[in-house]
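Atoms within a ligand are numbered from 1 in the order they appear, just like the ligands themselves.
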Amino acid sequence: MLMLRSLLLSFLAISAFAQQLPNSSLLELPPRPEQAAKCPQVNEWSTPAEKSCYRTTPRYDETMDYVRRLAQAAPRQVKIENFGSTGEGRALVAVVVSRDGVFSPEALHRAKRPVVFIQNSIHAGEMDGKDASLALLRDILVTRTEAKLIEQAVLVIVPIYNADGHEHFGPFNRINQNGPEQMGWRTNAAQQNLNRDYLKVDTPETRAFLREWNRWLPDFLVDDHVTDGADYQYDVTFSIETDGPASDWIHKTLEPELFRRVTASGHVIAPYLDFLGRTPDTGIAAGVSTPRFSTGFAKQQNRPGMLVEMHMLKDYQTRVTGNYELLRALLAVVNRDAPVLVEANLRADSETIARGRDHNGTLALRYEPTGETEPFAFKAYRWKIEHSELSGAGWVQYSHDPVTITVPRQTTLKVTDEAKIPAAYIVPAQWTEVIARLELHGLLLQRLTKDWAGEVETYRCVTPEWQAQPFEGHHPAAWRKGENKPCRPSREKMDFPAGSVVVPMDQRAARVAMQWLEPLGPDSALQWGFFDSIFEQKEYGEDYVLERLARSLLDSNPKLAHEFEQKVASDQKFAASPHERLNWFLQRSPWWDQRIGLYPVGKLDSIGPLPLSPRSSRTDTEAVSGTNR
Ligand SMILES: [Zn+2]
């Protein structure tokens, strides 16, 4: 008791102490070996972070002021675009940089000049990329030491994507992170994580992003973050997700170049590190980002997406300059190899279109590691694990004593779920929220001009359980463990009213539509709960009615009695529920609603026989009406 009390008192003392200091003080550790660098020399073009010697990061207004000064200094090469508004009404700003003042996406695509989209501060407490981007823009446009980085490439840089989160500014937003003194918050003002919203599009920020993405159709996406997780020597980690024709160039040329160039700049770089357990010796996991994430989304758009994760415990100067060096290296290689990247992306688009036209392939939806590993020389800090009387478990304590250890790294993944590519999907007109997302994704759609009924391929799904805790404002479907294929393909005759939406698969963003409409896709509309009502029984039989029904069914079908007895004998929960027992008979009668669990979206082998409007994507204003602009 006494010990508990003194523990409690010292905890309160620590809390009181922490209230007076930035959260980085919780990381009171011996000086870190990489900590260090000297403050940069300051001049009129120093970035706000440089001016403070990386103690601080600029707020939204100060960032935009700096961006406007850059635009004034190089008016021919810079265009500032407002591409939408946040929930709280802040302008979302992109800085477009073009060597010769060509800012038309169509003209640039025609000239085969790569468009590189660099977004920062999607998690606004992780703003390293913002300060790195300001310095990079200055060195491209003003000091011109890096002017060569726009010889071929055109940059679309979003300094602060999550602008509302960024202005939820304070010293206590990132407990794991070593500076700057204050920073923004992870989510937008409605507590939505924008880096889970790329497919389901719940937020005004994602709606704005999709307009900007579809307008620019970039050749390469960069998404800058800061890690959480273990401590180690690396300050720069990254991964590039790709599965198309660009893969060869990325793995054989770009990635080795990034390692070489960033290492030469004095930073310590590794592939993105996701450990199988708490500590690095457990091994490095292989994984795939689902399309809820920026990089997973880019891949479904046939474009490479690079996740940058700066290490949270490195000082802010090390992190910002490391992020800068990675961007500089990337842009150097993209400029040098511009035709390779652009051609690969165009090929990826035509391959997607061809697969939709021939509709005989499959799209991978889920993966798992094969178990194959290779040894990886990992630059660790020595750690020890002591028993913690507070947690009752092991307490991992990292030193700053560098050591290289060999750990297993997973190398390969296998597909565990895939879906057949149809000629088109057909979504009944009444599923307006599902259709709205297809429109926001800029997909080419057609509409039924009159009612149509026909046989389509679809799915019959068992009723899922739903996650008890909300996740991103939803309670996603979670099928019972061991449930094998909860949705099974089924050919059904279905009715589609006029206005139903047909999504042809011979279009470049077809994979986005498939991820949204295939019920077993990890981020599908069904997973996020947009189709929950198909699992609800809407009419019930009174027990005295069902008792009569059951008896008449049993009289007319003796096999049913045997089936029923077996069910009662084998399923305790069922046996104990009078409602389920009587409902079992309703399910075997013509009164049962056959649509329960029937997925309402159809997959078509051909759209030939359908009465259809011409293809179009909705314009910006139509697609965003009702949203905050
Ligand atoms: Zn992040």
Side-chain angles (χ1 to χ4, degrees), residues 23-24 27 49 57 60 63 86 92 117-133 157-180 182-200 202-203 205-206 209 221-232 234-241 269-275 285 287-299 305-316 318-320 322-324 326-327 330 471-473 523:
N23 55 9
S24 56
L27 309 168
T57 188
Y60 175 88
T63 305
T86 64
L92 289 168
F117 194 102
I118 301 173
Q119 72 180 29
N120 301 295
S121 318
I122 186 170
H123 295 151
E126 308 164 15
M127 76 318 287
D128 307 19
K130 171 193 69 180
D131 287 320
S133 293
I157 297 183
V158 179
I160 303 176
Y161 176 32
N162 176 12
D164 289 351
H166 191 274
E167 293 306 284
H168 186 94
F169 208 71
F172 302 114
N173 285 347
R174 287 273 294 162
I175 189 169
N176 296 332
Q177 190 169 296
N178 182 13
Q182 298 195 50
M183 63 203 67
W185 181 248
R186 183 174 182 81
T187 66
N188 76 357
Q191 299 282 21
Q192 290 270 0
N193 185 340
L194 301 182
N195 204 24
R196 305 292 182 273
D197 197 36
Y198 280 89
L199 205 60
K200 65 180 169 61
D202 282 338
T203 64
E205 291 87 352
T206 308
F209 168 88
L221 171 74
V222 181
D223 188 13
D224 283 322
H225 291 252
V226 179
T227 63
D228 283 301
D231 198 4
Y232 43 70
Y234 307 101
D235 61 325
V236 182
T237 69
F238 75 97
S239 71
I240 304 177
E241 298 225 16
I269 183 169
Y272 177 59
L273 298 162
D274 180 19
F275 298 107
V288 166
S289 298
T290 69
R292 75 182 62 166
F293 297 97
S294 59
T295 49
F297 163 82
K299 192 169 66 181
M306 179 159 95
L307 172 73
V308 178
E309 291 277 359
M310 303 307 300
H311 190 259
M312 65 192 189
L313 291 173
K314 306 299 183 277
D315 66 276
Y316 196 47
T318 300
R319 280 163 32 213
V320 173
N323 204 324
Y324 175 101
L326 183 62
L327 294 176
L330 169 74
F471 177 64
E472 296 306 321
D523 287 319

Q: Would you name the N/O/S atom of His123 that lies closest to the Zn ion (ligand 1)?
A: ND1

Q: Could you tell me whether the side chains of Asn162 and Ser121 share a donor-acceptor contact shorter than 3.5 Å?
A: no

Q: Taking the Zn ion (ligand 1) as the reference point, name the nearest N/O/S atom of His225.
A: ND1

Q: Taking only residues two or more places apart in sequence or in another chain, which ones pass side chain to side chain contact (heavy atoms under 4.5 Å, CB included) with Asp523?
A: Leu199, Thr290, Pro291, Arg292, Trp528

Q: Only N/O/S atoms count here: what is the atom of Glu126 closest to the Zn ion (ligand 1) called?
A: OE1

Q: When the ring centroid of His311 is compared with that of Tyr234, is the distance short of 6.0 Å?
A: no

Q: Should the pair Phe117 and Phe209 be assigned to parallel (<30°), tilted (30 to 60°) or perpendicular (>60°) ring geometry?
A: perpendicular

